[in-house]
Number of protein chains: 2
Amino acid sequence: MCTVLTMTNMRHRILACACDLYLRDGFKGFSMRKLARDVGVSAPALYRHFENREKVLIDVVGEAHDEMFRALSRALSGATPLERFEMAAEAYMDFALKHPRYFQMIHSFMQVMGMDEAPPELAHRACAIQQFWEDRVRECIDTDILRPDNTERIGLTLWAHAYGLLSLYSRGLLVIPEEDFREEFRTSHRRILFGLGKEAAGRIFGRTIHVGAEHDQAAETRQTMEPIR
Amino acid sequence: MCTVLTMTNMRHRILACACDLYLRDGFKGFSMRKLARDVGVSAPALYRHFENREKVLIDVVGEAHDEMFRALSRALSGATPLERFEMAAEAYMDFALKHPRYFQMIHSFMQVMGMDEAPPELAHRACAIQQFWEDRVRECIDTDILRPDNTERIGLTLWAHAYGLLSLYSRGLLVIPEEDFREEFRTSHRRILFGLGKEAAGRIFGRTIHVGAEHDQAAETRQTMEPIR
DNA sequence: GTCTATAATCCGATAGAC
DNA sequence: GTCTATCGGATTATAGAC
């Protein structure tokens, strides 16, 4: 009993140090020797708790995934489906910007490790993220904010966009200040949501509907006066 | 003269072998010793032409980038702006699916190499890709297929979505057959384009416009009386 | 320019004593 | 469970002969 407890604690201690080490030195700087030094034990001792270096890193990326999911989940405190959706996007962005190493690790782990397919621990977690976005879509459709459609696919469209944009920025490929990017991300996310939305969504976003507005002379005028940008 | 020519040829030969080696064995399996063996010279000879392993790989990922850009550029043979846009998306997808190692390398190189910022060679190429999408957007706006808007931002929205979706699939996170994915990608891309489009775009895509369809007085009233939550 | 030979590190992982 | 010691291998990079 006591042995098991010690084992578990030690494993957690190692994992905590491993996360710190990765966040500090990245993949390339992550070695079992350094980890042992940080934990305060010898290198071979680590192998009592983890089979090898890869298994340690799988657990680190698992932690990264879980922390991201917890951040997303906090968006569920929003009052309405739309608010929850917007808060989720904001939380996703926050996580990517505040924890770039974690965000990047989640999405480049396989390449770095030279894996051809995702280990189950990660595949399951990716499914949870996908499901999360799908749920956000479903409740927006249920409350008539989005047009009825295949929720899985719409969720995927929005997830892919959010991930793609954050990934590009996180790697420094978009040369704009962070505050400008944050606004651009929100706008881009809404742009898609808006394009998928029912008429009501437009008013909720405080914007004028343009698609199909050519049928409406008054709207035509509004569009001219209040162009989207 | 002759010396320079030999230098250049040798460098190209090494680079070609380096690309093959990476495509065969991936990042993890890429070593200078293997490369030397493939080229048919000794390991130290490589250092006459490349400063170190990282510089070789930077050139390999540069090749990957250029090949992707050439694939995209072939979409410019399309007859209309919209056709060129659709062909570009198709070409992007084709590249990602046919050359997954190249596609993944382009977007995970920095993490794998432990770089905090993109080397100029890659940053410039990323700008070219961004510009490419922006150009596709601009000509669609110019021909009244898309609503007038900031072309750079709309281009980014579409690029981010396409990249994100391809990245997720390329890593095996979406468990669907390739043919189904291809159709899903096209649909998802059009879904966004459609949401951004003028009424004409809907007809071109052979779909009915939904957004704004309720934009009549009755709908206006309904919305006021039954506020969306 | 290319070679052989080798230096100097660093790594993951294991053996065996305690 | 942890230690010391070590194996076996990888890496980048240089020195000096040809």
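Numbers restart at 1 for each chain; the letters A, B, ... are given by sequence-line order, proteins then strands.
Ser42(B) comes within 4.0 angstrom of a base, heavy atoms only. Residue contacts for Arg33(A): at a heavy-atom cut-off of 4.0 Å it reaches a base atom on one of the strands shown. Here Glu51(A) lies out of heavy-atom contact (under 4.0 Å) with every strand.
Counting heavy atoms of neighbouring residues, nucleotides and ligands inside a 6.0 Å radius, atom CD of Glu117(B) does not exceed 12 of them. More than 12 heavy atoms of other residues, nucleotides or ligands lie within 6.0 Å of CD in Glu121(A), so this atom counts as buried by the packing criterion.
Using a 4.0 Å cut-off between charged side-chain N and carboxylate O, Asp116(B) and Arg171(A) make no salt bridge. Using a 4.0 Å cut-off between charged nitrogen and carboxylate oxygen, Arg33(B) and Asp38(B) do not count as a salt-bridge pair.
Of the candidates Arg136(B), Glu139(B), Glu86(B), Glu139(B) is the only one forming a side-chain contact (heavy atoms from CB on, under 4.5 Å) with Pro81(B).
Atom CG in Asp25(B) sits roughly 13 Å away from atom P in dA10(D) (whole-Å rounding). Per the geometry, CG belonging to Asn52(A) stands 5 Å off P belonging to dA13(C), to the nearest Å. Here the C1' atom of nucleotide dA13(C) and the CG atom of Leu46(A) are 11 Å apart, to the nearest Å. For the pair Arg37(A) CZ and dT2(D) P, the interatomic distance rounds to 18 Å; values are reported in whole Å. Across the protein-nucleic acid pair, Lys28(B) atom NZ and dA10(D) atom C1' stand 13 Å apart, rounded to whole Å. Between the CZ atom of Phe27(A) and the C1' atom of dC11(C) there is a distance of 17 Å, rounded to whole Å. For Arg48(A) and dA13(C), the CZ to P distance is 15 Å, given to the nearest whole Å. Rounded to whole angstrom, the span from the CZ atom of Phe50(A) across to the P atom of dT14(C) amounts to 16 Å.
Closest to the Met10(B) side chain, of the nucleotides dG12(C), dA13(D), dT2(C), is dT2(C). The side chain of Pro44(B) lies closest to dA15(D), out of dT4(D), dA15(D), dT12(D). Side-chain proximity of His49(A) to dT2(D), dA13(D), dT14(C): nearest is dT2(D). Considering only the side chain of Ser31(A), dC11(C) comes nearest among dC3(C), dA13(C), dC11(C). Side chain of Tyr47(B), nearest nucleotide from dA13(D), dT2(C), dA5(C): dA13(D).
The side chain of Arg53(A) contributes an N or O atom lying less than 4.0 Å from OP1 or OP2 of dG12(C).
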